[in-house]
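Have a look at the structure below before the remarks.
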Amino acid sequence: MTKGGGFVALIGAGPGDAGLLTLRGRELLAAAQCVVYDRLVGDGVLAMMPPEAVKINVGKVGGGHFVPQQEINGILVREAQKGRFVVRLKGGDPFVFGRGGEEIEALNESGIAFEVVPGVTSALGGLACAGIPVTHRGVARSIHVVTAHTKEGGLAHLDYEALAKLGGTLVFLMGAAAVPEICSELLRAGMPESSPAAALENASVAAQRLIRGTLAELAGKCAAEKLKAPALVVVGGAVGFAEAFAWKKFLPLAGRKVVVTRPRGRGGRLSAMLRARGAEVVELPCISTRRIEAELPEFARYGWLCFTSATGVEALFALLAEEGRDVRSIGAARIAAIGPATAKALKERGLVTDYMPEVYDGIHLARGLARLVKEKPALMLRAKDGSPELTEELAAQKINFTELPLYETLYEKPEIIPQSADTALFTSASTVRGFKAAMPELKIECACCIGEQTAAEARREGFKRIITAREATLESLVKALEEDKR
């Protein structure tokens, strides 16, 4: 398989949670030149699509426009014949009522090479996220998965009498609209009224909801609680374990959908920390950085080199490399870093930080430098149009300093914006501004901010509820979110 050779990968995206996309699926998605996706793919997975890839939404929306399967087949063939590496991204598994076989038949007819990447089907993985084991010793020795809908969109004609006699666990996919029929027909076929049953809505993501009852009660409960698609229906003794096996209750951020706004490539550690605590994470980079033209200064003129971000460290060393120079050019100047992430970036390049403020922001950096900057001035290596608090405080403290802008911050507008989320995480004031500029239509009330300056920007941008981390670290940011959840 070559990236430019006309190839299609059918990838199962899982039930919704981005953490349930397989490693192979993620690897191929990252290389895609064209992505054809449907509406059951989770927001977190959609956010992984390469920015430069052509994106084609063929999602079927109940009661609204959808792309017919025959046309989807044609899109895959057409895009592959252009020589593109095409990813067909499908909710769940391509071969579990995903019509992947029909798409492969079309590819075979056109002589197009393909690969199938299995996905976690909601019939198994979705129920596991709700604490329902599809098999359990002494209770359920088999699992039977059926679809509640036909390919034409109506209710499937099922042999309920045969299903009622199977025993084990019955799982009906695409079952939101079919709950009354499923329950009534199984009862008519002889299943006991007391049989445990449940409907699972939005399996695996923050909006996951489980409605439980007996077979006789479930239809009424689903109507009262307004069950919505996507949902599946499960019937059998294994449903009885849902409360005892509900493992998400132990995760402090379960049920929370969080938008991470850090620049592309910098959100991985934060996202991993959030997912480990049960949050649904959508990475939506709202800013990017771009190096700007700059000339290397005479480092010997300065007593301190001050860095306000890891990006500034990277930009300086890239400039040194372009000039055929290295860390030796810096000379005897002492090093100041605004916080641990910046100090870490310096350490990775062989520089030990001489000063870092106890509070990781520009104001406290400036106040600390007031005691340290003596005869030689300080050189501030930072972003063009960076936060004014730093330079204002430097001037107020009468510190002799020079600014050297090395990069600029640009706002990004993600192509795929989720319909909802409850919290946005911000690690700088620029990410707040970028978020509001890029996604004014995404209404999120809560902003979780890494420091007071970022929180102040969130207030100016109109967020109704602000959570502020005690320290300007990712660990403190996540802890603040946990405390808010409690």
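Just so you know, these numbers come straight off a predicted model, no measurement behind them.
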Side chains of [X] and [Y]: closer than 4.5 Å at any heavy-atom pair?
X: L320; Y: D326; result: no
X: L29; Y: V45; result: yes
X: F401; Y: L379; result: no
X: V96; Y: L173; result: yes
X: E389; Y: E452; result: no
X: C446; Y: I467; result: yes
X: L127; Y: L232; result: yes
X: M439; Y: L284; result: yes

Measure the [atom1]-[atom2] distance between [X] and [Y] for me, rounded to the nearest 0.5 Å.
X: R334; Y: T353; atom1: CZ; atom2: OG1; result: 11.5 Å
X: L210; Y: E225; atom1: CG; atom2: CD; result: 9.5 Å
X: Y407; Y: T289; atom1: OH; atom2: OG1; result: 7.0 Å
X: K55; Y: I416; atom1: NZ; atom2: CD1; result: 7.0 Å
X: L200; Y: I211; atom1: CG; atom2: CD1; result: 9.5 Å
X: R88; Y: I11; atom1: CZ; atom2: CD1; result: 11.0 Å

Closest non-hydrogen atom pair, [X] against [Y]:
X: M356; Y: P340; result: SD-N, 3.4 Å
X: R78; Y: I56; result: NH2-CD1, 4.2 Å
X: I132; Y: A242; result: CG1-CB, 3.8 Å
X: G362; Y: L390; result: O-CD1, 3.3 Å
X: I466; Y: A455; result: CG2-CB, 3.8 Å
X: A429; Y: T454; result: N-OG1, 3.6 Å

Heavy-atom count around [X] [atom1] within 6.0 Å, excluding the residue itself: above 12?
X: E445; atom1: CD; answer: no
X: R26; atom1: CZ; answer: no
X: K398; atom1: NZ; answer: no
X: K347; atom1: NZ; answer: no
X: R470; atom1: CZ; answer: no
X: E322; atom1: CD; answer: yes

Quick check against the 3.5 Å criterion: does [X] have a side-chain atom that pairs as donor or acceptor with the backbone of [Y]?
X: K248; Y: S204; result: yes
X: E393; Y: I363; result: no
X: D38; Y: V58; result: no
X: S271; Y: G268; result: no
X: T431; Y: S428; result: yes
X: T121; Y: L124; result: no
X: D93; Y: G119; result: yes

Pair [X] + [Y]: basic N to acidic O under 4.0 Å:
X: K413; Y: E441; result: yes
X: E298; Y: R301; result: no
X: E482; Y: K479; result: no
X: E475; Y: R269; result: yes
X: D484; Y: R256; result: yes
X: E403; Y: R382; result: yes

- request: Over 60° means perpendicular and under 30° means parallel, so classify the ring planes of F463 and F435, tilted if in between.
  value: tilted

query: When the ring planes of F85 and F7 are compared, do they come out parallel, tilted or perpendicular, using 30° and 60° as the limits?
result: tilted

query: Taking it one step at a time, do L425 and T427 satisfy side chain to side chain contact (heavy atoms under 4.5 Å, CB included)?
result: CA-CA 7 Å; L425 266 64; T427 55; 6.0 Å; no

task: Give the C-alpha distance, both sets of side-chain angles, the deciding distance and a yes or no for salt bridge (Lys or Arg N to Asp or Glu O under 4.0 Å) between E201 and K228.
output: CA-CA 7 Å; E201 180 182 293; K228 295 184 179 68; over 6 Å; no

- request: Check step by step if side chain to side chain contact (heavy atoms under 4.5 Å, CB included) holds for V86 and I75.
  value: CA-CA 10 Å; V86 181; I75 290 170; over 6 Å; no

- prompt: Going by atom types alone, do E52 and Q33 pair a side-chain donor with an acceptor below 3.5 Å?
  reply: no

task: List the steps and the verdict of side chain to side chain contact (heavy atoms under 4.5 Å, CB included) for L481 and L477.
output: CA-CA 7 Å; L481 196 60; L477 188 70; over 6 Å; no

field: L107 vs V77, side chain to side chain contact (heavy atoms under 4.5 Å, CB included): CA-CA, chis, key distance, verdict
entry: CA-CA 6 Å; L107 296 173; V77 171; 4.3 Å; yes

